[in-house]
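Each remark here refers to the structure printed beneath this line.
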Amino acid sequence: MKTYIVGNWKLNFTVGESSIYLHKLLKKVPIIRDVEVVVAPTALALQPLSLQIDRHKMKLAAQNAFYRDYGAFTGEISFEQLRGLVDYCIIGHSERRHILGEDDKMIQKKVAAAIRNKITPILCIGETESERSFGETADVIRDQLIGGLTDVSEEDLGKVIIAYEPVWAISSTKASKPATPDEIAEVVKLIRETLKETYGAKVAEETPVLFGGSVNPSNAGAYLTVPGVNGLLVGGASLILGEFTDIIDIAKRVKS
Ligand code: PEP
């Protein structure tokens with residue numbers, strides 16, 4: 001299976017800055033077989049960057065999209081409009097769940113819309129600090145996973161990526177603290193067990209599961225060797241050229 005390194009730029013970089021950053025990134029990153037590098041810029045930059053990007057080296061992701069293809073939905077962008085521009089879309093990021101009020105029902109519709117439009121959803125799931133402290137991690141993970149994948153067939157699950165992102169480990173969360181490899185391993189195991197119950201062992205094994213939360217060049221190697229982890233979703237460090245390229249380099253080394 002490929003290793004995925006996904007940079008989520010969030011609400012950072014203007015269109016011009018995004019283009020300059022991508023230009024520098026393309027110069028530094030070679031074509032790496034088995035490591036899929038993906039960047040998720042602001043929606044405004046997707047069109048120009050889709051013309052600039054070298055798809056042999058890296059792919060584009062949207063950070064979000066709406067579940068209906070067209071219609072009276074002021075301010076939204078649909079997966080149909082993104083078709084051809086991006087290969088991936090981040091769905092259900094904790095910032096969208098907790099700041100923008102997205103629930104599992106909406107997230108499930110977005111996952112279905114992405115698949116319908118041939119865009120690979122990167123479905124983010126993860127518990128908050130208080131959910132973990134109340135011993136609710138397993139329930140939250142199962143609910144978000146099953147909730148997000150309702151109506152996804154066994155065949156379509158092959159087109160989905162799961163990202164485990166404990167909210168308490170995300171660098172911008174107040175008092176965030178990095179997760180330990182053991183904490184990650186335990187939840188990734190639970191994710192695969194839950195997938196196995198619904199879709200069977202083969203599909204559960206073949207679904208890429210990424211980890212995200214304060215990833216940087218000093219912990220990327222340890223996180224990438226956690227059993228069952230197939231890549232990293234990187235926020236803050238993906239905005240720093242040297243850090244992001246170091247993480248890509250580490251992924252390449254771990255892979256070989
Ligand atoms: C994220 O929010 O998806 C993320 C992983 O952020 P950071 O790497 O900054 O913790």
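Read the numbers this way: they start at 1 and go in the same order the structure lists the ligands and their atoms.
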Fill in the blank from the handout: protein heavy-atom neighbour closest to atom 2 (O) of ligand 1 works out as K10 NZ, 2.5 Å
Handout entry: Nitrogen or oxygen atoms of G236 and ligand 1 under 3.5 Å apart
Key = yes
Practice task
Assign the ring pair Y21 / F13 to parallel, tilted or perpendicular, where the plane angle (0 to 90°) is split at 30° and 60°.
Solution key: tilted
Problem - Sidechain N-carboxylate O distance under 4.0 Å for R97, D104 - result: yes
Problem - Qualifying salt bridge (Lys or Arg N to Asp or Glu O under 4.0 Å) pairs, either residue in residues 4-27, two or more places apart - result: K10-E95
Handout entry: Of the listed options G7, G235, S172, closest to atom 4 (C) of ligand 1 (non-hydrogen atoms)
Key = G235
Completion exercise
For S171, the atoms of ligand 1 under 4.0 Å from one of its heavy atoms are 7 (P), 9 (O), 10 (O)
Handout entry: Test: E102 and K110 ion pair at under 4.0 Å
Key = yes
Compile the donor-acceptor pairs under 3.5 Å between side chains in residues 234-248 and protein atoms, sequence neighbours left out, one pair per line.
| residue | atom | partner | partner atom | Å |
| --- | --- | --- | --- | --- |
| S238 | OG | V234 | O | 3.3 |
| S238 | OG | G235 | O | 2.7 |
| T245 | OG1 | L241 | O | 2.9 |
| T245 | OG1 | G242 | O | 3.2 |

Handout entry: atom 1 (C) of ligand 1 [closest protein heavy-atom partner, distance rounded to 0.1 Å]
Key = H93 NE2, 3.2 Å
Exercise for the section: Go through ligand 1 atom by atom and flag the ones less than 4.0 Å from a non-hydrogen atom of L233. Expected result: 5 (C)
Practice task
Around atom 5 (C) of ligand 1, find the nearest protein heavy atom and jot down its residue, atom name and distance.
Solution key: E165 OE2, 3.0 Å
